[in-house]
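Nothing fancy with the numbering, it's 1 onward along the sequence. Just so you know, ligand 1 is whichever comes first in the structure, and atom 1 is the first atom listed for that ligand. Treat the numbers as computed from the prediction; the structure is a model and nothing was measured.
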Amino acid sequence: MSKEERAKGRRNFLKLMLAAGFAATVAAGASVFRFLAYIPPSASASGTGQLTWPRVKITNAASLQLLKPVRFNYPLINTPNLLVKLGAHAENGVGPDLDIVAYSTICQHLGCFFGFQPPDTSPPCNSSIKTSTAEGYCCCHGGEYDFTRGAKVIGGPPARPVPAVKLEYDQTT
Ligand code: FES
């Protein structure tokens with residue numbers, strides 16, 4: 001595969017993740033999280049012209065530990081995200097405390113996968129900094145995403161937040 005083909009593939013991959021983020025939704029409930037919607041085989045299949053995404057159970061809310069992320073892949077088997085309970089109201093948050101969020105972990109700069117950093121900790125790749133909030137930290141070039149504020153970029157070169165995964169908090173199961 002040529003360099004141009006690889007670059008094109010990465011662009012398409014990021015576009016897909018962006019589409020997934022925008023298509024996803026957040027809802028609230030009591031014990032189980034599910035994705036709301038996904039893209040069906042064709043937009044016309046629904047008759048509404050709107051694409052939807054499949055709902056997928058991620059985990060039981062009761063099993064979540066504060067600031068301990070749960071990793072999952074969605075919408076594809078190799079597209080990583082994380083879900084985390086932040087312990088305080090967060091933009092895009094669901095659950096009784098509106099503090100549970102989920103974001104793609106594919107950096108919007110050059111596509112590296114990044115990890116979660118609780119507040120007042122140092123990323124494993126950079127002991128010279130301490131995080132001021134719960135964030136995603138990309139070790140490739142120091143990109144930082146504030147998970148309490150919709151994954152807003154708070155450091156490094158990324159030009160935009162990572163896509164949010166819309167969650168449904170289902171209290172019936
Ligand atoms: Fe993440 Fe560059 S790829 S900051």
Identify each donor-acceptor pair in which a side-chain atom of residues 114-124 lies under 3.5 Å from a protein atom, sequence neighbours left out, and give them as a table.
from	atom 1	to	atom 2	distance (Å)
Q117	NE2	T121	OG1	2.8
Q117	NE2	S122	O	3.4
T121	OG1	P118	O	2.7
S122	OG	I129	O	2.7

query = Do V162 and I106 come close enough that some side-chain heavy atom pair is under 4.5 Å?
reply = no

key: Heavy-atom side-chain contact between L64 and L83 under 4.5 Å   = yes

query = In terms of SG positions, are C138 and C112 separated by less than 2.5 Å?
reply = no

task = Check P158 against V153 and note the closest heavy-atom contact, atom names and distance.
result = O-CG1, 3.5 Å

ask   = Between F147 and L82, is any pair of side-chain heavy atoms under 4.5 Å apart?
value = yes

task = Spell out the protein N/O/S atoms under 2.8 Å from atom 1 (Fe) of ligand 1 as residue plus atom name.
result = C107 SG, C138 SG

